[in-house]
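Take a look at the structure set out below.
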Amino acid sequence: MLNPDFFSNLNQEQLEAAAFKDGPAVCIAGAGTGKTRTIVYRAAKLISEGIPPERILLLTFTRKAANNMSERAKQLADSVQGSIRSGTFHSFATYVLKKFYLEAGLKRSFTIIDTSDSKQILGSLRKNYFKNNTYNSKPPTNSTLQKLFSACAAQKLSLKELINTEHTHFEPFLKEILQIKDDYKSYKSENSLLDYDDLLLKTVELFSNDERVLQLISSEQDYIMVDEYQDTNFLQAEMLRLLGHFNHNIMVVGDDSQSIYAFRGAEFKNLSDFPNLFKEAKTFRLTQNYRSTQNILNASNHLISKASEGFKNKLETENPEGSKIAIVPCMNEEQESLFICKRITDFLKSGIKPKEIAVLFRAGYHAFRLEMMLKTINLPFVKWGGFKFLESVHLKDIISYLRIINNPWDKLGWLRVLMDIKGIGLKRATDISEELARSEEPFDFSNIPENFINTELSLLQQTMLQISSQNFTQPSLILNAITDYYLKNVMKKKFDNYTERLKDIDALAAISLSFDSLDDFLTSIILEPPENMQNLNLASQNEQSEDSITLSTVHSAKGMEWEAVFIISAVQGRFPNFKALKSKEEIEEERRLFYVAMTRAKKHLTITLPQEVSDFASNISTSQPSQFISELYCDSCETWKLLP
DNA sequence: CCAGGGCGTCTTTTT
DNA sequence: GACGCCCTGG
């Protein structure tokens, strides 16, 4: 049953969008205008009218948003059995490809590889190229290659076009880069590997080539809703367009002023283009903001009006004026951190709860100084974004063992595991992994050259044989056995801080408990990697976050809101980031990013500008205030003077 | 061909 | 402050 309170929570704009039933629609919803509430209400309403929840598909780019929404919709229509299907485009694509692997020309058990796997493969392929060093410019690194190939896929560009337009300094290497791209493609297909882009690419291919499959998949849902549509790329829009052949009830929701993912190929124009894709699409707009004070909105509107493109949705609110935005120049990061600690303490004294306070920044490392100070004064905090938990060496290692247990022919997994053995480097590890991939029996070492074999390698073989012979079904049990081996034989030798790293492995073990099969666990961890230590263990996170303030990158803060928000390091070169300074489009994106940061605040917004930052990336010593300060500055702001 | 040390690079943001 | 790459000696 629908909770009746919910009706009264919707204004006219929201009601119209939420009550819309059949056909395509686009909803342009500014920051803080109740976008999530509207989507959730629409879902709940459909369910209350008899649509089974599992026939509603909710697609988003990040899983955080997806989980959040299906939870809320569930609460709303609580007597309903079952739940809304929700997920990211990537997880939906994986579902499709697993179901129709034959039609997609794949093996039943294909492996999904993450970005660092791609880089590793590219690294080994790259060794065959760029040998004659006669050019006076630097050939692309593994990482750059990975980015280039990914950009091609997301933007539907040929490599040649991409290099000739955006990366002209690689023109001398074009031929070799093209060859590496071919090699990479063959390597993936020989080993049944799909990278993130392939998931989307193959699904789009499948949908365009096989109408039967498209129809079968389409018949699984009646309603599709897409959140944060401004963050989708060409392939995702294409996937949606194809689904539209049979599914007419598609609603996309988004805000082009909050498009902050162009760096990975997002096209915010997808939002304004939607009516071209679906001719009879109805457009809704949400413009009334419920989140922020008048002052915060004034300054935010002021800033976004400088944007050169977009709908320029001007937000309005009936909220009180509130206090002015504090612009606070500081001498250096030390003083900045001190000031923030002091002001946070004041906020806490005035009765604001810790979880209603957030500090936002452009890049993870901008907060290092502040983190140290918060630790010294014993103020608990959680940090979102920045550091990537699963990319740490020890966890990549552990996951490799799991991959081998799951699939003993996984060359990439073997490579990593073997290189941890004394006497085995890249060459031998490659030879052995290829031999193992060729063998009929799992863990068959009989064709490995004898001089490669030592006690450590035999121990590895025995351990793997033994674990796999136990036929554990629970991934957590396998993980335990692996950890046992890894700790004894590798970890202590490899790291001087192994006890600290062991905590991460424990955390991974905690997540593994909620999975019943190793394959599911591995797939999930690649498609939806946990962001940090804190949200690994949900229970402890909830307890913790009650008493903790939040530190977050602006990207990870999207969709969130807090009573009091700080934006730190608002200096030219940090925010906007120095890498963005050279192109107009990237400055535009930085501005939207700053806008997202500002509009997270409900009541108090404080922006700090250290005049001196030491930055190994940009080498800035004295810094100018961020250009966005003058762009946002208006009657709603005041500049503070700190005593030295 | 491997191990280990030194040195440079990088950190923008995520599936 | 961590990691990867390159060089050298064994």
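Sequence lines set the chain letters: A, B, ... in the order given, protein chains first and strands last, and positions in each chain run from 1. FYI, side chains are in, hydrogens and waters are out, and symmetry mates aren't considered; it's all heavy atoms of this structure.
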Exercise. Any salt bridge between A/Arg501 and A/Asp397, counting N to O under 4.0 Å?
Worked result: no
Exercise. Which whole-number value in Å describes the distance from A/Asp117 CG to B/dT15 P?
Worked result: 16 Å
Problem set entry | A/Phe368 CZ - C/dG1 P separation (whole Å) | 8 Å
Exercise. Roughly how many Å is it from CZ in A/Arg501 to P in C/dA2, rounded to a whole number?
Worked result: 7 Å
For this session: Between A/Arg428 and A/Glu590, just flag the one whose closest nucleotide in DNA chain B comes earlier from the 5' side.
Result: A/Arg428
Problem set entry | Salt bridge present between A/Asp420 and A/Arg416 (N-O < 4.0 angstrom) | no
For this session: Answer yes or no: is there an ion pair linking A/Lys306 with A/Glu588, defined by an N-O contact shorter than 4.0 Å?
Result: no
Problem set entry | A/Asn142 vs C/dC5: side-chain N/O to OP1/OP2 distance below 4.0 Å | yes
For this session: Measure from the side-chain heavy atoms of A/Thr88 and tell me the nearest of B/dT15, B/dC2, B/dT13.
Result: B/dT15
For this session: Take atom OH of A/Tyr365 and atom C1' of C/dC3, then tell me their distance rounded to the nearest Å.
Result: 17 Å
Problem set entry | Side chains of A/Arg85 and A/Tyr95 in contact at under 4.5 Å (non-hydrogen atoms) | yes
Exercise. Would you call the rings of A/Phe149 and A/Tyr184 parallel, tilted or perpendicular, where under 30° means parallel and over 60° means perpendicular?
Worked result: parallel
For this session: Take the protein atom CD of A/Glu588 and the nucleotide atom P of B/dT13, then report the distance between them rounded to whole Å.
Result: 22 Å
Exercise. Is a salt bridge present between A/Glu228 and A/Lys35, judged by a nitrogen-to-oxygen distance below 4.0 Å?
Worked result: yes
For this session: Record whether the side chain of A/Thr115 comes under 3.5 Å of the base of B/dT15 through a donor-acceptor pair of N or O atoms.
Result: yes
Exercise. Nearest to the side chain of A/His555, which nucleotide is it out of B/dT13, C/dG4, B/dT15?
Worked result: B/dT13
Grab the N/O contacts between the protein and nucleotides 3-5 of chain B below 3.5 Å, and write none if there aren't any.
residue, atom, partner, partner atom, Å
B/dA3, OP1, A/Gly423, N, 2.2
B/dA3, OP2, A/Ile424, O, 3.4

Exercise. Rounded to whole angstroms, how far apart are CZ on A/Phe361 and P on B/dT11?
Worked result: 17 Å
Exercise. In whole angstroms, how far is the P atom of C/dC6 from the CG atom of A/Leu426?
Worked result: 12 Å
Exercise. Going by an N to O cut-off under 4.0 Å, is there a salt bridge joining A/Asp519 and A/Lys98?
Worked result: yes
For this session: Check whether any side-chain nitrogen or oxygen of A/Ser143 sits under 4.0 Å from OP1 or OP2 of B/dC10, and answer yes or no.
Result: no
Problem set entry | First encountered from the 5' end of DNA chain B, between A/Glu586 and A/His90 | A/Glu586
Exercise. The side chain of A/Lys147 lies closest to which of these nucleotides: B/dC1, B/dT11, B/dT14?
Worked result: B/dT11
Exercise. Is the ring centre of A/Phe263 under 5.5 Å from the base ring centre of B/dT13, and are the two planes under 30° apart, so that they stack?
Worked result: yes
Exercise. Which part of the nucleic acid, if any, lies within reach of A/Val393 when heavy atoms closer than 4.0 Å are counted: base, sugar-phosphate only, or nothing?
Worked result: sugar-phosphate
